[in-house]
Q: 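I'd like to ask you about the structure that follows.
We use all heavy atoms of the structure for the numbers below, so side chains are in, but hydrogens, waters and symmetry mates are not.
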Amino acid sequence: MGDIDPRFENGPLAVVDVEDGQVLAYCVGGLVLDVPAKSLPALVEWTLREARLGQPRLSGPGKDADPLLVLTEAALQRYGLPVALTDEERLAGRIPEGHKVIKQLGRAKWKLTKRGFGPWARIYRPAQGSERACVQLCIPSWHALDSRHWGGAAQLAPADLARVLGVYASRVMTPRGSTAVTGLELMTALHPPTHAVRDEATGGFRKSEAKPPGSLGEHPVDPAPCEAPDGHPLLKDLPRFHMRGPGEKLFEEAFDWARPLTDAECMRRNLVGIDVNMAFAAGANGLVVGLGEPTHVKAPVFDPKLPGSWLVDLSHVDLSRVKVGKDKWADLDASLLPSPFTPKGERPEGPAWYATPTVAYAVELGYDVTPIEAWVRYDNGRYLDGWYNRLRDAYLATMADLGVHADMAPADFLAAMDGWRGRDPQLAIVVDAVKATVKGGLGKLRERPRGEGWRPGEPWRALARPTWRPDIRAAVISRTRINLHRKIVKHAAFTGQYPVAVLSDCVVYAADGTSPLDFLPYPGGKPLPGGFRLGINPGLVKHEGTQSVLWGEEVRERFNAPELNLARYIKDGTVTDVDNGE
């Protein structure tokens, strides 16, 4: 830890509450400040002038994080704001512009962003030189802290909420909105779209016209047509009800595959699920992605180092004989394996669009590929490395606080994972929020239209962002799926065991015992090279859950679905409805 920046000596955020008529600001580390402000404009002024809240920038050319105030229900009442939003306000995502508090802010020369005064409001004055004057509000009772990602954080006492958000802010960044928004903002904070250069004429600094190395820049770029989701302006000339097939549309998604059990598997006692830790973060680590516009190439020679989308026929790849090492081949039962080239695990029937990692895997398995055309990005780099490192470190540090450490022996790791949430439920909330930041941030790279009024062929708000990059999302998902398939193949080649079901980052095997150690090989006490390995690091696996084989057969029979994806229910065995997807 470096020296504390005196500008932000009280931490990145405060939870504002009212007790016995006194307004208090609960900061990280147990610090409590008296708040003299009697109105919301005065609270904003106090925050910027006296509270010493905020967070230093994560990158040299970036911006310091604005102070975050979390307002409890008592604080909302004190400052004239509603404790809850009406149904109409919730749908709009804001309170009406004519609200008395918004008028107060206007009279005091404060502005709101275009999103208005909602669960994550930003109150600012235009910057004077390099000085920013901006405060962000988080309002839990307006559902700012989604329970799917923040658990019961909104119900915590002020000091406990300050602790949870403070740990997250120190290890990830000060929240900028939902975990998905924050995941995207973290990418930008680590690779700012602009940077300053010295102006030789004036001796001062000005914004460089060139984008910083490794950045996406400040201007959005169009995707390749195959990368554009349905309804994108690039596709406005397509017939109205035209359904694009794999030869027109890049469809890189996570696995959702299952098969009936074999007779031998039915004789085993249990189904054991293993889950890849931070799978999509691991898929981003070291991945070369496009930074600029795509270039169209006819009949290209495939280059595994060149990010892009490739139209190629991979239907000839036969999983019954695959390369599993240098000059080493394995014979497998392809009927018991998902194809790595489609999310549903079906073998492709002809040419289809794939991201670079998928095509590279076909080559790795020992097969020739001949792309028909491609959209490639010659301006590229490892844009997500810093993002991965920051989120990995946040995850590992918080799990270590909960008693689960890297490099534990397999049995010790499984024991440490048993009941980890109960050791400190507040830190368990942070773990969930970090994982949601990964998945949500990647999802935002291809954010779809929201709200009423949008029509196919028209642009939507997210397209104006440089970080609207469906190609980057596709590359990460492609690599994550391929990473998992590679481990499945290595495991099958070494043990003769095949997965019963695969869902995203969870794999289910039939076993006689109840533990992953009953089927994961550790030859000579070491994990199988390239196979599954138990541990807390991203890319390693943990125990997801165990159910009996009888349970699996009964569930499938109940829903008359012989290929129901049991990975979806393996964690606790609860099945509430027929398998309709995630």
Side-chain angles (χ1 to χ4, degrees), residues 255 257-279 282 324 330 332-333 335-338 399 403-421 483-556 563-575:
F255 271 129
W257 170 88
R259 61 169 175 80
L261 273 64
T262 64
D263 290 344
E265 288 165 343
C266 287
M267 299 301 292
R268 296 192 180 276
R269 289 198 293 270
N270 296 307
L271 299 171
V272 184
I274 52 176
D275 179 78
V276 181
N277 297 312
M278 299 271 282
V324 293
L332 304 174
D333 186 342
S335 69
L336 302 179
L337 287 170
M399 289 303 295
V404 185
H405 302 274
D407 302 320
M408 281 181 149
D412 294 338
F413 166 70
L414 290 174
M417 286 296 291
D418 188 19
W420 66 271
R421 287 183 177 277
N483 284 348
L484 186 60
H485 197 275
R486 183 183 293 112
K487 290 179 170 64
I488 289 170
V489 165
K490 290 285 176 69
H491 185 83
F494 189 84
T495 68
Q497 297 170 331
Y498 294 84
V500 171
V502 186
L503 181 69
S504 187
D505 45 11
C506 176
V507 189
V508 176
Y509 285 91
D512 286 324
T514 60
S515 164
L517 284 174
D518 292 316
F519 67 91
L520 291 185
Y522 275 81
K526 296 182 179 181
L528 175 67
F532 295 109
R533 175 183 173 187
L534 288 162
I536 197 60
N537 281 296
L540 306 190
V541 300
K542 60 181 179 293
H543 184 202
E544 178 70 1
T546 296
Q547 306 296 329
S548 69
V549 166
L550 181 61
W551 163 86
E553 292 299 281
E554 286 179 344
V555 166
R556 285 176 162 177
E563 295 187 12
L564 184 75
N565 196 328
L566 298 173
R568 183 168 281 115
Y569 315 109
I570 196 73
K571 189 166 190 172
D572 62 9
T574 303
V575 185

Q: If you compare all heavy atoms of Pro410 against all heavy atoms of Leu517, which two are closest, and at what distance to 0.1 Å?
A: CB-CD2, 3.9 Å
Q: Which distance, rounded to the nearest 0.5 Å, do you find between the CG of Leu271 and the OG1 of Thr514?
A: 12.5 Å
Q: For residues Ser515 and Phe519, report the shortest heavy-atom separation together with the two atoms involved.
A: O-CD2, 4.0 Å
Q: Once rounded to the nearest 0.5 Å, what's the spacing between atom CZ of Arg268 and atom OG1 of Thr262?
A: 8.5 Å
Q: Search all heavy atoms of Tyr569 against all heavy atoms of Thr574 and return the closest pair with its distance.
A: CD2-O, 3.5 Å
Q: Output the distance between atom CZ (Arg533) and atom OH (Tyr522), rounded to the nearest 0.5 Å.
A: 7.0 Å
Q: Provide the closest heavy-atom pair for Pro538 versus Met278 in the form atom of the first, atom of the second, distance.
A: CB-CB, 3.8 Å
Q: Is any side-chain heavy atom of Met399 closer than 4.5 Å to a side-chain heavy atom of Met417?
A: yes
Q: Say you draw a straight line from OH of Tyr498 to CD of Glu265; how long is it, rounded to the nearest 0.5 Å?
A: 10.5 Å
Q: With heavy-atom distances below 4.5 Å as the criterion, would you say the side chains of Arg556 and Leu261 are in contact?
A: yes
Q: Students often mix this up, so state it plainly: with edges at 30° and 60°, are the rings of Phe532 and Tyr509 parallel, tilted or perpendicular?
A: perpendicular
Q: With side chain to side chain contact (heavy atoms under 4.5 Å, CB included) as the test, would you mind laying out the steps for Lys542 and Leu534 before giving the verdict?
A: CA-CA 6 Å; Lys542 60 181 179 293; Leu534 288 162; 5.6 Å; no
Q: For Leu540, does its backbone N or O pair with a side-chain atom of Asn277 as donor and acceptor, under 3.5 Å?
A: yes
Q: Around Lys571, counting heavy atoms of other residues, nucleotides and ligands shown, do more than 12 lie under 6.0 Å from its NZ?
A: no
Q: List the steps, then state whether side chain to side chain contact (heavy atoms under 4.5 Å, CB included) holds for Leu566 with Trp551.
A: CA-CA 10 Å; Leu566 298 173; Trp551 163 86; 4.1 Å; yes
Q: Counting C-beta onward and ignoring hydrogens, is there a side-chain heavy-atom pair between Val541 and Pro516 closer than 4.5 Å?
A: no
Q: Minimum heavy-atom separation for Gly403 and Ala416, please, with both atom names.
A: O-CB, 3.6 Å
Q: Around Asp418, counting heavy atoms of other residues, nucleotides and ligands shown, do more than 12 lie under 6.0 Å from its CG?
A: no
Q: Can you tell me how far CD1 of Ile274 sits from NE2 of His491, rounded to the nearest 0.5 angstrom?
A: 7.0 Å
Q: When you compare the side chain of Ile536 with that of Met408, does any pair of heavy atoms fall below 4.5 Å?
A: no
Q: With side chains defined as the heavy atoms from C-beta onward, is the minimum distance between Phe413 and Asp407 less than 4.5 Å?
A: no
Q: Just wondering, do Val549 and Arg269 contact through their side chains at under 4.5 Å, heavy atoms?
A: no
Q: Which atoms form the tightest heavy-atom contact between Gly539 and Ala282, and what is the distance?
A: N-CB, 3.8 Å
Q: Got a second to check how far His543's NE2 is from Asp275's CG, nearest 0.5 Å?
A: 10.5 Å
